[in-house]
Amino acid sequence: MKVNVQEIVSTLGGKENVLAATHCATRLRVTLKDKSKADLAAVKKVDGVLGAVDGATQTQVIIGPEVTSVYREFVELTGVSEEAPVDENLDNAKVLKEDLKNQKGGLLTKVFDTIAQIFNPIVPALAGCGFLSAIIMVCMNVFGLKTSNPTFGNFVTISMAVFTFLPFLLAASTAKVFKMNQYVALTICAAMLAPNWAKMIDAGTATSSFFGVPFKVINYNSSVLPIIFAIILASFVEKYADRFIKGPLKIILVPAITILVATVVSLWTIGPVSYWIGSVIATAVEWLFVNGGWIAGLVYGGIYAGMVVLGIHHGMVPVLTQMISTNGFNYVSPTSGSANIGQAGAAFGVWYKSKDKKTKANAASACIAACTGITEPVLYGVNVPQGTFFYGCIGGAVGGAVAGMLKLKAYAMGGPSFLNFGMFMGGENAFMNCGLVMIAFAIAFVVAATLTILFWKPKGE
């Protein structure tokens, strides 16, 4: 079904009400001048729109996989830039504080919204390299290819690029969110990842010092939190330096002071502390799934879809990235994948039982999208409005319990789904692990579909 972009613009208050626009994998994310002028109920009724959500700083229109083409047309109709900045008023501390106070759970919403803004731009790179890694797992386990083969070995090197240089992507993305010079941010990242630190570690040097104050020497390659917090600190240093330094030397002194202060303070404190925090969180999640077994899988598989609805699932991205970078695998993705497939099963039940042609069409397309790892269409377009969301959660919980009980693993980043099965191939029992994950997914699908078919009553039919 073709999306009526002109009508979306109109229901959001017209192009004069649009300040900026961006998009993620499935959502058109719009910053409005006046949210009261937007009619979300009318937006949800536009042909091709699967739902709409009013976030803390953005109005999100759920489109589905074809959001990219919709975004291009939206930009043309509204006249905003594809790189348009966020509303400047949001930088005002008083306005921001009032905005957060008026939002239910506003501070937590802001935290997860910030995480989403940092990670969303780099998700395609993570997903792309994750998919390449999944293909590599298939090639190694099915076709017996070895890294000693030059072509295949180079292929492996390319697939690992995003994880090797992840801090640089995070530095650029964080700098954009916190509105500082991205090239200065990348320079700070380069200083923290300088080869000299790795040489010192290889030589057995555990500590160094600035002005007599010692700090722990750490290899920050593939790290997540240290770089994010370092750039957040740098953004404040840059703003204060820019405010107080005047005259022609500003162009030299502001970046010099920012680089020096942010890097030194980060190496002293922020880097080691956040590195430790990231490691502890990743270890805690791993411990929970190793020791919690089916209970951990049942709980996480049951609540994950709710996390997606609330937008707080982005908070797990740093944890998963850290686990993959450190251990080479994670226990979480088989469970979250079960949650995704459970929602697909509920949509299948809607398609099977509904007699309304539009409902059946939306349910079918959303079900297919969810089976490939994209869940927003099935959540906002089908299961939440149709009241079948809970059946999907039950399916996800059951599939997650199976994954948790068997301690199934994912060996690459990406959207866990039937399509991306290669990400579950790794370790000594690659085929068994992958096969069992697919069985857990199938169980989640069948349970959710069965419950929906048995107990759901179509609205107005």
Side-chain angles (χ1 to χ4, degrees), residues 19-20 22 31 57 81 83-100 107 110-111 113-122 165-197 208-218 220-221 223-278 318:
L19 273 179
T22 184
T31 302
T57 58
S81 170
E83 295 295 331
V86 177
D87 183 1
E88 293 178 1
N89 288 330
L90 295 178
D91 286 338
N92 183 284
K94 186 179 295 185
V95 174
L96 179 56
K97 183 177 180 181
E98 191 65 27
D99 179 57
L100 293 177
L107 182 58
K110 182 62 177 177
V111 169
D113 188 49
T114 300
I115 293 174
Q117 289 179 54
I118 292 172
F119 277 91
N120 276 343
I122 68 174
F165 298 102
L166 180 62
F168 287 97
L169 302 183
L170 291 171
S173 184
T174 305
K176 184 175 181 180
V177 172
F178 285 86
K179 299 179 180 60
M180 73 166 290
N181 187 296
Q182 287 181 292
Y183 298 99
V184 172
L186 288 169
T187 302
I188 294 170
C189 179
M192 293 183 67
L193 271 67
N196 189 52
W197 309 124
S208 187
S209 65
F210 283 112
F211 310 110
V213 179
F215 67 91
K216 186 176 181 180
V217 179
I218 297 173
Y220 290 108
N221 282 331
S223 64
V224 177
L225 294 181
I227 300 302
I228 291 176
F229 286 119
I231 302 309
I232 292 174
L233 168 66
S235 70
F236 287 102
V237 174
E238 185 182 66
K239 284 181 176 66
Y240 279 107
D242 185 72
R243 182 183 302 175
F244 292 109
I245 297 175
K246 309 295 181 182
L249 291 179
K250 173 181 284 198
I251 193 173
I252 298 173
L253 293 180
V254 171
I257 291 173
T258 302
I259 292 169
L260 181 62
V261 173
T263 304
V264 171
V265 173
S266 295
L267 291 174
W268 264 339
T269 57
I270 291 178
V273 172
S274 55
Y275 187 86
W276 175 79
I277 291 173

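The structure presented is a predicted model; accordingly, all values stated were derived computationally and were not measured. Residues take their numbers from the sequence shown, with the count starting at 1.
With hydrogens and angles ignored, the 3.5 Å screen pairs a side-chain donor or acceptor of Thr258 with a backbone N or O of Val254. Listed for the Ser209 side chain is no donor-acceptor partner under 3.5 Å among the backbone atoms of Pro214. Glu238 contributes a side-chain N or O that, together with a main-chain N or O of Asn181, makes up a donor-acceptor pair within less than 3.5 Å. Remark: the backbone N or O of Ser266 is not paired with any side-chain donor or acceptor of Thr269 at under 3.5 angstrom. For the pair Gln182 (side chain) and Ala175 (backbone), a donor-acceptor distance under 3.5 Å is absent.
Atom NZ of Lys239 is separated from atom CE of Met180 by 8.0 Å, given to the nearest 0.5 angstrom. Note that the CD1 atom of Ile245 and the CG atom of Leu249 stand 9.0 Å from one another [nearest 0.5 Å]. Taken to the nearest 0.5 Å, the CG atom of Leu193 stands 12.5 Å off from the CD1 atom of Ile188. Between atom CD1 of residue Ile118 and atom CG of residue Leu170 there is a gap of 8.0 Å, rounded to the nearest 0.5 Å.
The two atoms that bring Gly271 and Pro226 nearest to each other are O-CG, 3.8 Å, heavy atoms only. Minimum interatomic distance between Ile251 and Pro248 (heavy atoms only, all atoms of both residues): CG2-O, 3.8 Å. Of all heavy-atom pairs between Val184 and Pro255, the closest is CG2-CB, 3.9 Å. Taking each heavy atom of Ile231 and Ala185 in turn, the nearest pair found is CD1-O, 3.6 Å.
Note: Trp197 and Phe215 have perpendicular aromatic rings, judged against thresholds of 30 and 60 degrees for the angle between ring planes. Ring pair Phe165/Phe168 is tilted by interplanar angle, where 30° to 60° counts as tilted.
Only one option out of Thr263, Leu267, Val261 pairs with Val265 in a side-chain contact (heavy atoms from CB on, under 4.5 Å); it is Val261.
Crowding of Lys216 atom NZ: a count of heavy atoms from other residues, nucleotides or ligands under 6.0 Å not exceeding 12.
Inter-residue side-chain proximity for Ile227 and Thr174 is flagged as unmet; no heavy-atom pair is nearer than 4.5 Å.
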Stepwise side-chain contact (heavy atoms from CB on, under 4.5 Å) test for Ile257 and Tyr240: CA-CA 10 Å; Ile257 291 173; Tyr240 279 107; over 6 Å; no
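Every pair tested for salt bridge (charged side-chain N to carboxylate O under 4.0 Å, His left out) that includes a residue from residues 260-277 fails, sequence neighbours excluded, so the list is empty.
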